[in-house]
Novice: 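What follows is a structure written as structure tokens; I'll ask about it next.
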Protein chains: 2
Amino acid sequence: MRLSSLTDYAVVMLAAAARHCGGAARLNATLLAEETGLPLPTVQKLVSKLSAAGLIESARGTGGGFRLSRPPAAITLAEIVEAIEGPIALTACVEPSAHECAIEGDCRVKPHWNVVNGAVRGALANVSLASLSSPIPLARGAVPIAVETLGDTPSPNPSREREGNLVRNA
Amino acid sequence: MRLSSLTDYAVVMLAAAARHCGGAARLNATLLAEETGLPLPTVQKLVSKLSAAGLIESARGTGGGFRLSRPPAAITLAEIVEAIEGPIALTACVEPSAHECAIEGDCRVKPHWNVVNGAVRGALANVSLASLSSPIPLARGAVPIAVETLGDTPSPNPSREREGNLVRNA
DNA sequence: TCAAATCGGACAAGATCGTTCCGATTGGGC
DNA sequence: GCCCAATCGGAACGATCTTGTCCGATTTGA
């Protein structure tokens, strides 16, 4: 239930790019690497994936670089996640490709996964890059926030630590 | 953005348990392993985690077994996910433990992650185990389904295949 | 006292993730 | 018209995590 680190980095990088004249100016990977604190090769890889997904337009050669292909308000978090990690699919069931789940027709759980998957994707699609780069977090009315029993479960398996993440500035 | 396989198996296992007299009868791991097609050691590991999380009550010794500690309608999908994978945290930012994200106070993206994380968790908390084991998927009114631009992005990186999943019956 | 069943830890195999390096391509300067 | 510099793009490597399995310890009923 965690996004990959690359997705996290991509959000930070795109948010930084959105603050540069709303994506109108042309940026290069070196500049953004210095600004965000991410390693340059990592930024380059992100640029590759985001360009392949159509979220940014890149130009090669001297003085080249890239810029957002759309205004930040028209880019959703769901698109960023899908650009880096592929289609949003909580389980193998909801992916369109064929899977060898025995007695797929009789599975009573499978139909529900599509609903849950759509709900999760909707939560991500409600967040735009523009709101992500704004200084104050505005709780959108369309996003349901349900954190009722968050302090009940006292960290079932606290052995799941991953401290080795890259230091980043944003 | 994908749940682990063990979480998928836990849902299948609990849904099968819920269908046994609503969790009133006492079950054992061997019976459920045969019924779901999951390997017995995997079911045993799941029973351990779910018992530690308080979702099921287990009794040792001859004639022992386990049963749901609550009615299926009172167990949510979010709780199952947290029991197996730990707290729901899309990024390292939203976890309560301290992280060395440089200039955390100046990060403009971090506050938004809490909102997004709550929305995703809310989508999972709206699904109960009872609805998960019902034959017909009822789209709950509280769950926002937004799949507007699902066919636009033509599978950015289709190399993400994971076919080696266990065959399961549900 | 024995048998049945859970509980906990340990282990190897596999896949995935993150990083780094190097080649291909393009545009400007001479 | 040619060369050089700067950049994107793809491939490969190592590290880390997850997964699946097994075995011994503990507990309870017959």
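Throughout, protein chains are lettered first and strands after them, A, B, ... in sequence-line order, and every chain is numbered starting at 1.
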Novice: Expressed as a whole number of angstroms, how long is the span from A:Arg2:CZ to D:dT16:C1'?
Specialist: 14 Å
Novice: Verify side-chain hydrogen bond (donor to acceptor under 3.5 Å, both in side chains) between B:Ser51 and B:Ser48, making sure each step is shown before the conclusion.
Specialist: CA-CA 5 Å; B:Ser51 177; B:Ser48 287; over 6 Å; no
Novice: Atom CZ of A:Arg26 and atom CZ of A:Phe66: how far apart are they, to the nearest 0.5 Å?
Specialist: 10.5 Å
Novice: The side chain of B:Thr62 is closest to which nucleotide in this list: C:dG18, D:dG20, C:dA3?
Specialist: C:dA3
Novice: Between B:Arg26 (CZ) and D:dT28 (P), how many Å, whole number?
Specialist: 12 Å
Novice: For A:Leu40 and A:Arg60, take the nucleotide of DNA chain C holding the closest heavy atom to each; which residue's nucleotide lies nearer the 5' end?
Specialist: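 That would be A:Leu40.
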Novice: To the nearest Å, how far apart are A:Leu3 CG and C:dG18 C1'?
Specialist: 16 Å
Novice: I'd like to check A:Val116 versus A:Leu90 (side-chain heavy atoms, cut-off strictly below 4.5 Å). Are they in contact?
Specialist: yes
Novice: Of the nucleotides C:dT20, C:dT6, C:dG18, which one has an atom closest to the side chain of B:Gln44?
Specialist: C:dT6
Novice: If you measure from the Lys or Arg side-chain nitrogens to the Asp or Glu carboxylate oxygens, is any gap between A:Glu79 and A:Arg121 under 4.0 Å?
Specialist: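 Judged by the 4.0 Å cut-off on N to carboxylate O distance, A:Glu79 and A:Arg121 do not form a salt bridge.
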Novice: If you compare every side-chain N and O of B:Ser51 against the phosphate oxygens of C:dT6 (OP1, OP2), does one of them come in below 4.0 Å?
Specialist: no
Novice: Using whole Å, what does the distance between atom P of nucleotide D:dT18 and atom NZ of B:Lys45 come to?
Specialist: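 Rounded to whole Å, this separation is 11 Å.
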Novice: Can you tell me how far P of D:dG10 sits from CG of A:Leu50, to the nearest Å?
Specialist: 13 Å
Novice: Tell me: NZ of A:Lys49 to C1' of C:dC17, nearest whole Å?
Specialist: 10 Å
Novice: Nearest whole Å is fine: how far is C:dC17 P from B:Met1 CE?
Specialist: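 Value for this atom pair: 14 Å.
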Novice: Rounded to whole angstroms, how far apart are CG on A:Leu38 and P on C:dT20?
Specialist: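 Distance check: A:Leu38 CG to C:dT20 P gives 12 Å.
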Novice: Would you tell me if any nitrogen or oxygen in the side chain of A:Thr42 comes within less than 4.0 Å of OP1 or OP2 on C:dT19?
Specialist: yes
Novice: Which nucleotide, C:dT6, D:dG20, D:dT7, lies nearest any side-chain atom of B:Ser5?
Specialist: D:dG20
Novice: Mapping A:Thr7 and B:Glu57 to their closest nucleotides on DNA chain C, which lands nearer the 5' end?
Specialist: B:Glu57
Novice: NA contact type, A:Phe66, heavy-atom cut-off 4.0 Å: base, sugar-phosphate, or nothing?
Specialist: sugar-phosphate
Novice: D:dG20, OP1 or OP2 - any side-chain N/O from B:Tyr9 closer than 4.0 Å?
Specialist: yes
Novice: Taking side chain as C-beta onward, heavy atoms only, is A:Met1 less than 4.5 Å from B:Arg2?
Specialist: no
